[in-house]
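If you read the sequence from its start, that first residue is 1, and numbering goes on from there.
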Amino acid sequence: MRETRPKWRTTALGSAGVLITATLISGAGAIPAAGAAKHADVTRHGPDREAAGAALAAAGAAKAGIKWADCPADWGIAKPVQCGWVSVPLDYAKPNGKQIKLAVDRIGNTGTKTERQGALIYNPGGPGASGLRFPLRVTTKNPIWANAAKAYDFVGFDPRGVGHSAPISCIDPQEFVKAPKMDPVPDSEADKRAQRKLAREYADGCAERTGKAMLQQMTTPNTVRDLDVIRAALGEKKLNYLGVSYGTYIGAVYGTMYPNHVRRMVVDSVVNPSREKIWYEANLDQDIAFEGRWKDWEDWVAANDAAFHLGTTRAAVQAKWLELRATAKKNPIGGVVGPAELIGFFQSAPYYDSSWVPVATVFSKYFAGDTQALIDAAAPDLSDTAGNIASENGNAVYTAVECTDAKWPTSWKKWDKDNTALNKKYPFMTWANAWLNLPCATWPVKQQTPVNVKTGKGLPGVLIVQSQRDAATPYEGGVELHKRFKGSRLITEKDAGSHGVTGLVNPCINTRVDAYLLTGKLDKADVTCAPHATPKP
């Protein structure tokens, strides 16, 4: 399930659309001829041609560096943050072939020259999310990151295919956000056939609008190679890295492929790195975890009935949800908010504790007679062209990476059997998640075998942070990575479930993240922390 947030943070998730329009990807071109002949034989033989190509690209990036300048005005990233570009091969097996440019930004450390420890590179997840806003944590004087900012330049980037980095597309953005969409929960075989048709069309649209050559290279290992090239371009001998959500899988694969390039690595809210989980099983696991966290939120709403008036028990709150859902199914609210749009908005509550109050408030207002609040929160804004392009692009990258990373079941009988069974016990997200991922069943390019994540020679201790009831990346993922990365430490936030822990105020966690980033110190044993403060209405 792709990470989504309510509209006051980013746009809500859309599902596969129907209209396809041809376009070209941006940012592609050929590298200068100089040097091509010298290394022309790098791709001729051997199973390690991508590794050789990545080493060549990193060496070139280290020599070229990054030409920093003020960020383009329309990026919304003001001084003193600076922006630049790093060129990487589209296909690392052909390092002298087409290149794509990756957008990178940074802000210098706030401490002295002697306090500086290098660059801290960030990835927020997705797949499909931009990391370019990471340096703004310094300009907004975020107290959680103040100590780390003294020691590190904060560096963000758009991964390949994302945002300003040769963005990809699978459907016209305005078609992507049109509402209302089909109810994700099918009532009949005809509904399932209609959703399967949409999924096939979406997969075909990815090939048509992006091109198979680009789609084939939209993989986690390539993003990891890109990350190593960025490290080299920054002049860093070793990587300091903070990854959240899918960014933890990038970290896990980087630690496997480049163990002796790692200096510090913090991974927060961990994707289960087991080959068997990437990616079909991981999404089924999410359905179960989302149901659990949805119930946590309903319990909280019930405990705060004085504020929300939605019922004093979980069952009463669930009844209100089902009532709202049935109403929207029969007559979409405002003509645009049906069950699919409700899921797109309400799923932010089990994702993030920061959404508990806003979502409950909109929910409460609806039953108090204010339907406009729900329309404003859940309906797409067709006039927000830039936002809709970003939303469609994020979904395209999510699909491209997950579908290309691993082999997915091609049998509809398996998808139908697994999701029908799960939906009986875990109905909140199951079918919505299934349709989101179903393009992978008819994916138009070769699907890869996931990297076998393991401890490589030279890998230092990695800090793993995980909440116990995380819906998007269930707790078992943190445990699994901890087993695979010897010498790592696992911090468990007990009885908590927000996705993305390091950005929350919890001194038990914050002080340990600071200590690790500043000194490399890890506790002698794993740590269990009490939960951060529960939201208050």
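In terms of the salt bridge (charged side-chain N to carboxylate O under 4.0 Å, His left out) criterion, residue partners of Lys277 (sequence neighbours excluded) are, by chain and number, Asp285. For Glu276, there are no salt bridge (charged side-chain N to carboxylate O under 4.0 Å, His left out) partners two or more places apart in sequence or in a different chain. Not counting sequence neighbours, the partners of Asp418 by the salt bridge (charged side-chain N to carboxylate O under 4.0 Å, His left out) test are Lys414.
Aromatic ring centroids of Tyr398 and Trp279 lie 6.0 Å or more apart. A ring-centre distance under 6.0 Å is not found for Trp415 and Trp412. Checked against a 6.0 Å centroid threshold, the rings of Phe290 and Tyr351 count as neighbours. Under the 6.0 Å cut-off for aromatic ring centres, Phe308 and Trp300 qualify, their centroids lying closer than that.
With Tyr122 as the aromatic partner, Arg137 meets the cation-pi criteria of under 6.0 angstrom to the ring centre and within 45 degrees of the ring axis. The side-chain tip of Lys320 points at the ring of Phe367 from less than 6.0 angstrom away and within 45° of straight on.
A 6.0 Å sphere centred on CZ of Arg133 holds no more than 12 heavy atoms belonging to other residues, nucleotides or ligands.
None of Lys536, Arg469, Arg293 except one satisfies the salt bridge (Lys or Arg N to Asp or Glu O under 4.0 Å) rule with Asp353; the exception is Arg293.
For the pair Met182 and Gln195, the minimum side-chain heavy-atom distance is below 4.5 Å.
A distance-only check finds a donor-acceptor pair linking the side chain of Ser488 to the backbone of Phe485 [under 3.5 Å]. Asn272 contributes no side-chain N or O that, together with a main-chain N or O of Gly478, makes up a donor-acceptor pair within less than 3.5 Å. Using modelled atom types, no side-chain atom of Asn393 and backbone atom of Pro167 make a donor-acceptor pair closer than 3.5 Å. Under a 3.5 Å cut-off, the side chain of Glu392 and the backbone N or O of Asp172 do not form any donor-acceptor pair. Between the side chain of Asp470 and the main chain of Thr473, a donor-acceptor pair closer than 3.5 Å is present.
Of the charged side-chain nitrogens involved, at least one lies within less than 4.0 Å of a carboxylate oxygen, so that Lys192 and Glu189 count as a salt-bridged pair.
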